[in-house]
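Just below is one structure, and these are the notes that go with it.
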Amino acid sequence: MKRSYLTTPIYYVNAEPHLGHAYTTVVADTVARWKRLQGYEVFFLTGTDEHGDKIVRAAEARGLTPREYVDRIAEKFRQTWPLLHIQYTRFIRTTEPDHKRVVQHVLQLLYEKGDISFGEYEGLYCFGCERFLTRKELRDGLCPDHRTPPTPLRESNYFFDLSRYQNWLIDHLQKHPDFIQPPGYREEVLGLLREGLEPLCISRPKSRLSWGIEFPFDPNYVTYVWFDALLNYLSGIGYPDDPSWEKWWQVAEHIIAKDILKPHAIYWPIMLRALGLPVYRRLHVHGYWNLNQAKMSKSLGNVVRPGDLVSRYGADRVRYFLLREMAFGQDAEFSEEALVLRTNAELANDFGNLVFRTLSMVGKYCQGRVPVPGEETPEDRTLKERLLSAVENFAREMDHFRFHLGLSLLNEAVREANRYVDHQAPWELNKKGKQDRLGRVLYTLLEALRVLAVVLWPIIPRSSELLLGNLGLSPAEELSLERALTWGRLKPGQEVQRGKALFPRLERPSFEVPDREKDSAEEKVEEKTYPLEEFKKWDLRVAEIVAAERVPGTDRLLRLTVRCPEERTVVAGIAEHYRPEELVGKQVVLVANLKPARIRGVLSQGMILAARDEKGLKLLVPEETVTPGAEVG
RNA sequence: GGCGGCGUAGCUCAGCGGUAGAGCGGGGAUCUCAUAAGUCCUAGGUCGGGGGUUCGAGUCCCUCCGCCGCCA
């Protein structure tokens, strides 16, 4: 059995999930699905990193214990991934007892081996920040945050001696050129290694930080940062107790963003080496998404929340854009405008429309059944061969994480198919009653759709499965690369559905700030009707009320916490009509892109819709329960 | 300060020694099965500035300018 073990980093829970997390995880999920298509057994690990003083401070700022805080944020991560159709095998948290045991086991082992030493460290400590500052961070000799001089402080800590393994690692990198990909990052690591490695401080005294994993041989210290976090890749597959960990570890591939290259490319291999374990097989490093604010709608704000994007554009569109727009390894620009333009052009106009026009013609000309194909002509063969060869090249690119190149190859094949439709003109064949020829042309197109649906599954899983269903096929049967490439699986006579458009074309958004004066002048001459585009500016969604309480000192105001799907606070003037306790659990309609307003000291991020007449006020609610965040329109 | 990367058509980028490319956007034409979608034609950009190597340089070397990483 071919196996694959893929990991994302465990995400640090000092912030909520953002676009960068989403990208890494989408990549991992896509590769996992790609491997499954090829018949691999896959273990896909993701999770959260939950120790450290930043967590303690973030928790304090919200009046929570670290435990309460990490539970809350970890849950947000866990809930975000299904929205993007991500299917991981296991979600690991560094605060789990199993993980703690592994970390302690490893610390003990390395301590006994002599790789961990105790030593004194001297540095500049800021009591305000509760941490040591590097000289680089200082501004005019002062702490940049507190504007106070740092205090020189000595502290004893445990250190992991990296330098003993430096030459071994250089050697390993030279013998395995594709250990770190793309190659630019390998060069960077070799550069770092040539400069020499300092001992890595891996502890914090408990007096200063208690939120961590205790050293098994010294209860006065806890582990710090990387030692704890990196080991998740082992504890996540059951190391050392569950014997199956080894079969996964042999094929481990890590996917990370470039900001954590050093720990993954240097500390981690050395830790593994010190433990006497084989190093992972490969490290895949990607770049950053730069947010182009000018081309973003206002309501998304500074941090792009994956849940927001999905509720606006749908998971498949978002996944496609992320993989298509970024050359893996390099930085890329993110904007909603680019997302709309790209997915309109490639998913709606080219691919979606090819699907729709083909199924539509089969409906009209063949009674909605797979036609009996007539004799194959060179044109048919050419389309088939170009498509299959595009898929082969796509496979090569996918294997190398060059998703953007792979997808552009499939786009070329889609264009080829659109050309084929125009040249063969099935509507002409139908008029002239050339049934055999018509059957062959539409059969060829249906087969092309089948192949595309399967190979696109790793990128746009939901749409792929819908399409296979419309073709009268079962995804469970068809989702195999080998089967995809076997031409002629569709059986004449089988019923197909046209279905709805897979990727409805989106209006091109307007991101310019509206010119108020001009708008109002126009409104005066216009009647009080507005084009549809006006309505589409409003982001209306179904929100579920998870908490409600009166705003103190007011008669009319309630403070609501809603899920849509992210959590928001909304102030609503409905206290005269609804009691807080009867609202919890109710689904309502939220205006999600209203400018936030502070009402009685509470920041309200949206407005709840209600109808009012002489009898009072009634909230607008969906007829049946829907997914929180569902679009209203 | 050290190491590295980048700067090519309006936008996003490919090209890495031999007559400047793609996609999108824009402009024009056309079919009508289709999601105002498809298909066809169309962009004349000192390839950041300057110098050098070469028969010949976005493509190699040097230097300057502007961005951006990593390290100290």
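Quick note on labels: first sequence line is chain A, next is B, and so on, each numbered from 1.
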Q. Considering every strand shown, what is the Watson-Crick or G-U wobble mate of C47(B) when both distances are under 3.5 Å?
A. none

**Q.** Lys NZ or Arg CZ of Arg342(A) over Phe321(A) ring: under 6.0 Å, within 45°
**A.** no

Q. Given that both distances must come in under 3.5 Å, which nucleotide forms a Watson-Crick or G-U wobble pair with G58(B)?
A. none

Q. Out of U35(B), U39(B), U12(B), which nucleotide sits closest to the side chain of Glu333(A)?
A. U12(B)

Q. Judged by atom type as modelled, is there a donor-acceptor pair below 3.5 Å linking the side chain of His400(A) to the main-chain atoms of Arg402(A)?
A. no

Q. In Watson-Crick or G-U wobble terms, both distances under 3.5 Å, what is the partner of C70(B)?
A. G2(B)

Q: Please give the nucleotide sitting opposite C40(B) as a Watson-Crick or G-U wobble pair, both distances under 3.5 Å, or none.
A: G28(B)

Q.
Taking the ring centre of each residue, are Tyr233(A) and His264(A) less than 6.0 Å apart?
A. yes

Q) Among U39(B), C24(B), U35(B), which is the nearest nucleotide to the side chain of Ala345(A)? A) C24(B)

Q: Would you mind telling me which of G38(B), U35(B), C70(B) lies closest to the side-chain atoms of Glu188(A)?
A: C70(B)

Strictly under 3.5 Å: I want the nitrogen or oxygen pairs between protein and nucleotides 32-34 of chain B, one per line.
{"from": "C33(B)", "atom 1": "O4'", "to": "Tyr365(A)", "atom 2": "OH", "distance (Å)": "3.4"}
{"from": "C33(B)", "atom 1": "O3'", "to": "Lys364(A)", "atom 2": "NZ", "distance (Å)": "3.2"}
{"from": "C33(B)", "atom 1": "O2", "to": "Arg357(A)", "atom 2": "NE", "distance (Å)": "3.0"}
{"from": "C33(B)", "atom 1": "N3", "to": "Arg357(A)", "atom 2": "NE", "distance (Å)": "3.3"}
{"from": "C33(B)", "atom 1": "N3", "to": "Arg357(A)", "atom 2": "NH2", "distance (Å)": "2.5"}
{"from": "C33(B)", "atom 1": "N4", "to": "Arg357(A)", "atom 2": "NH2", "distance (Å)": "3.0"}
{"from": "A34(B)", "atom 1": "OP1", "to": "Lys364(A)", "atom 2": "NZ", "distance (Å)": "2.8"}
{"from": "A34(B)", "atom 1": "O2'", "to": "Asn353(A)", "atom 2": "ND2", "distance (Å)": "2.5"}
{"from": "A34(B)", "atom 1": "N3", "to": "Asn353(A)", "atom 2": "OD1", "distance (Å)": "3.0"}
{"from": "A34(B)", "atom 1": "N3", "to": "Arg357(A)", "atom 2": "NE", "distance (Å)": "3.4"}

Q | Nearest-nucleotide comparison on RNA chain B, the residue closer to the 5′ end among Ala327(A) and Leu192(A) | A | Ala327(A)

(Q) My understanding is that a pair needs two contacts under 3.5 Å, Watson-Crick or G-U wobble. By that rule, which nucleotide pairs with U53(B)? (A) none

